[in-house]
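Report on the following structure.
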Number of protein chains: 2
Amino acid sequence: MAENIVQRLRDEIENGIVTNQFAPGDRLDEMQLAKHFGVSRTPIREALMQLGAIGLIEMRPRRGAVVVEPGPHRIYEMFEVMAELEGMAGSLAARRHTDTDRTELLAAHGRCEQSAKADDADTYYYDNELFHQAIYTASHSSFLIEQCTALHRRLRPYRRLQLRVRNRMKTSFSEHGGIVEAILSGEAELARALLRQHIAVQGDRFSDLVATLAQREVRPG
Amino acid sequence: MAENIVQRLRDEIENGIVTNQFAPGDRLDEMQLAKHFGVSRTPIREALMQLGAIGLIEMRPRRGAVVVEPGPHRIYEMFEVMAELEGMAGSLAARRHTDTDRTELLAAHGRCEQSAKADDADTYYYDNELFHQAIYTASHSSFLIEQCTALHRRLRPYRRLQLRVRNRMKTSFSEHGGIVEAILSGEAELARALLRQHIAVQGDRFSDLVATLAQREVRPG
DNA sequence: ACTCTTATTCTTGCATACAAGGATGTTGAC
DNA sequence: GTCAACATCCTTGTATGCAAGAATAAGAGT
């Protein structure tokens, strides 16, 4: 209970950032956070240090910590790398997946189908995360799983935006179908290519994203 | 100058880990480090938190921080991911490199040639790092550069070991030649494949690595 | 003699205190 | 009226202190 307070703080603040509760550019006041969480500044600082090391916040010397504002180009770069890592995970999953992985992947795919049919964007968003997590797991590379999970998490806010674009949800789900087939039939390179394309934010899709981001600039808060 | 002490501490400790001054499994005593660096425990702890977030050390609750011991399989996984990222960097470099990048890459390649010819493993080790850094830079993806640099750094100790294997240095340099050619002639996929293979620790090479690691187990300290 | 239990010590976890460097507001001069 | 300089305040950076849990050592019982 009085255990890893700093761990809890890190997760809470990270979550706040990822859910846009702390928007990019916001300053994270140590005393304010300390008061909010009912702890002293010390564990807050330690949590912030961790977030800074991961790259979620920027710690300007003597001037406090701010949530990083990646900028469209940088977000694009992050999606590029994510695409590559996901492709790798898919490739490995195609070669290494077990029966359990197969069951889990199909289950996750099934859940995506339901939320896609119900046109429930929020549920689909969540199920989609589980789907990708299932692929990571099936890669059986613990390090790759960690890397993918971390980056996936960092890209959360932008993926969420993307789902609002046109009928991205239906497109996304239909792409999932091909990916599942490729993985389960062991076609590593096909799985890689499909996943890479699935993630890659390029061409018109990227334009949409930038447009959406630009809109968000003029937010009330 | 007396600025970010914690930043300096982080770098110093990280360097100590990467250079095996702090060996895997070693416990990092806060008071000991504090005394050694002439500071209090607070900045030490904050530095350790950062290293923990990166994954270089493990912070066991109430039981102190220890340098992580990756284990051969995990090291293999890390090399796998590194290979993929390097391949991606090479591919992007082939498509995006500027004249400056070209000059830098050739210069780094030239330095590697000299140290390889001189059979100077230590210098080659350093020049090799610059060579790969030149490729990252030529990819013109700041995020990818950061990811590659971080992982490259984490794999330092093991790459160093690898260089001692057989005539790895000569082989490494000859592979560099093909990579340079592929990048400068814009053959993205060839560059990717060559770099991936260059990094990948597989088959006999991996056996060599494990053997070398096993030897290191019985170290004097 | 060996093991289990208990007490002591040592280290970590968190809070508080103090110093120092930016941010800000006010006042004065042009 | 505006800009600049100075003083004040506010936040961060670091040290220290105290409490609590884990490692360790000592003692008793089998």
Side-chain angles (χ1 to χ4, degrees), chain A residues 1-18 20-70 221, chain B residues 1-17 20-70 219 221:
Chain A
M1 159 164 135
E3 202 38 298
N4 23 359
I5 284 188
V6 55
Q7 208 74 357
R8 188 176 64 85
L9 290 174
R10 184 177 71 75
D11 290 345
E12 294 251 21
I13 299 174
E14 178 177 350
N15 218 47
I17 293 172
V18 156
N20 226 313
Q21 189 176 338
F22 300 116
D26 279 6
R27 214 181 110 208
L28 297 172
D29 188 87
E30 295 178 1
M31 283 213 281
Q32 211 169 307
L33 289 169
K35 202 157 283 182
H36 180 261
F37 288 110
V39 296
S40 87
R41 279 177 49 224
T42 308
I44 295 284
R45 280 183 63 83
E46 292 178 352
L48 291 180
M49 288 289 172
Q50 292 195 41
L51 295 177
I54 300 174
L56 260 167
I57 65 179
E58 188 191 341
M59 309 216 49
R60 301 169 304 177
R62 293 259 177 212
R63 295 178 61 203
V66 294
V67 180
V68 291
E69 169 78 77
Chain B
M1 179 100 209
E3 201 37 298
N4 23 3
I5 284 186
V6 55
Q7 208 74 358
R8 188 177 65 84
L9 290 174
R10 185 177 68 77
D11 290 345
E12 295 251 22
I13 299 174
E14 179 177 349
N15 218 48
I17 294 172
N20 226 314
Q21 188 176 339
F22 300 116
D26 280 6
R27 218 182 106 209
L28 297 172
D29 188 87
E30 295 178 2
M31 284 213 281
Q32 211 169 306
L33 289 169
K35 203 158 281 182
H36 180 260
F37 288 111
V39 295
S40 88
R41 279 175 51 221
T42 309
I44 295 284
R45 279 183 63 85
E46 292 179 351
L48 291 181
M49 288 288 172
Q50 292 194 40
L51 294 177
I54 300 174
L56 260 167
I57 65 178
E58 188 191 342
M59 309 216 50
R60 301 170 304 176
R62 293 258 176 211
R63 295 179 62 204
V66 293
V67 180
V68 292
E69 170 78 76
R219 64 193 158 75

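No experiment lies behind these values; they were computed from the predicted model shown. A, B, ... follow the sequence lines: proteins, then strands. Residue 1 opens every chain.
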So [Y] and [X], do their side chains get closer than 4.5 Å, heavy atoms only?
X        : Y        : answer
Ile13(B) : Phe37(B) : yes
Glu69(A) : Glu58(A) : no
Phe22(B) : Leu56(B) : no

Before giving the answer on side chain to side chain contact (heavy atoms under 4.5 Å, CB included), spell out for Thr42(B) and Glu46(B) the whole-Å C-alpha distance, their side-chain angles and the decisive distance to 0.1 Å. CA-CA 6 Å; Thr42(B) 309; Glu46(B) 292 179 351; 4.1 Å; yes

I need the [atom1]-[atom2] distance between [X] and [N], as an integer number of Å.
X        : N       : atom1 : atom2 : result
Met31(A) : dG13(D) : CE    : P     : 13 Å
Leu33(A) : dT11(D) : CG    : P     : 12 Å
Arg10(A) : dG13(C) : CZ    : P     : 15 Å
Ile5(B)  : dT12(D) : CD1   : P     : 18 Å
Met59(A) : dG21(C) : CE    : P     : 18 Å
Arg62(A) : dA20(C) : CZ    : C1'   : 5 Å
Ile44(A) : dG13(D) : CD1   : P     : 14 Å

Indicate, yes or no, whether a donor-acceptor pair under 3.5 Å links the base of dG13(D) to the side chain of Arg63(A). no

Would you say the base of dG22(C) and the side-chain of Arg60(A) have a donor-acceptor pair closer than 3.5 Å? no

Please test Arg45(A) against Val6(B) for side chain to side chain contact (heavy atoms under 4.5 Å, CB included), starting from the C-alpha separation and ending with a verdict. CA-CA 12 Å; Arg45(A) 280 183 63 83; Val6(B) 55; 5.7 Å; no

Residue Glu30(B), side-chain atoms from C-beta onward, closest of dT11(D), dT12(C), dA15(C):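 Shortest atom-to-atom distance from the side chain points to dT12(C).
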
From the candidates dT16(D), dG21(D), dT12(D), the one with an atom nearest any side-chain atom of Thr42(B) is dT16(D)

Check whether any side-chain N or O of [X] sits under 4.0 Å from OP1 or OP2 of [N], and answer yes or no.
X        : N       : answer
Arg45(A) : dG13(D) : yes
Arg27(A) : dT12(D) : yes
Arg41(A) : dT16(C) : no

Hey, which sits more toward the 5' end of DNA chain D by its nearest nucleotide, Ser40(B) or Ala65(A)?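 Nearest nucleotide further toward 5': that of Ala65(A).
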
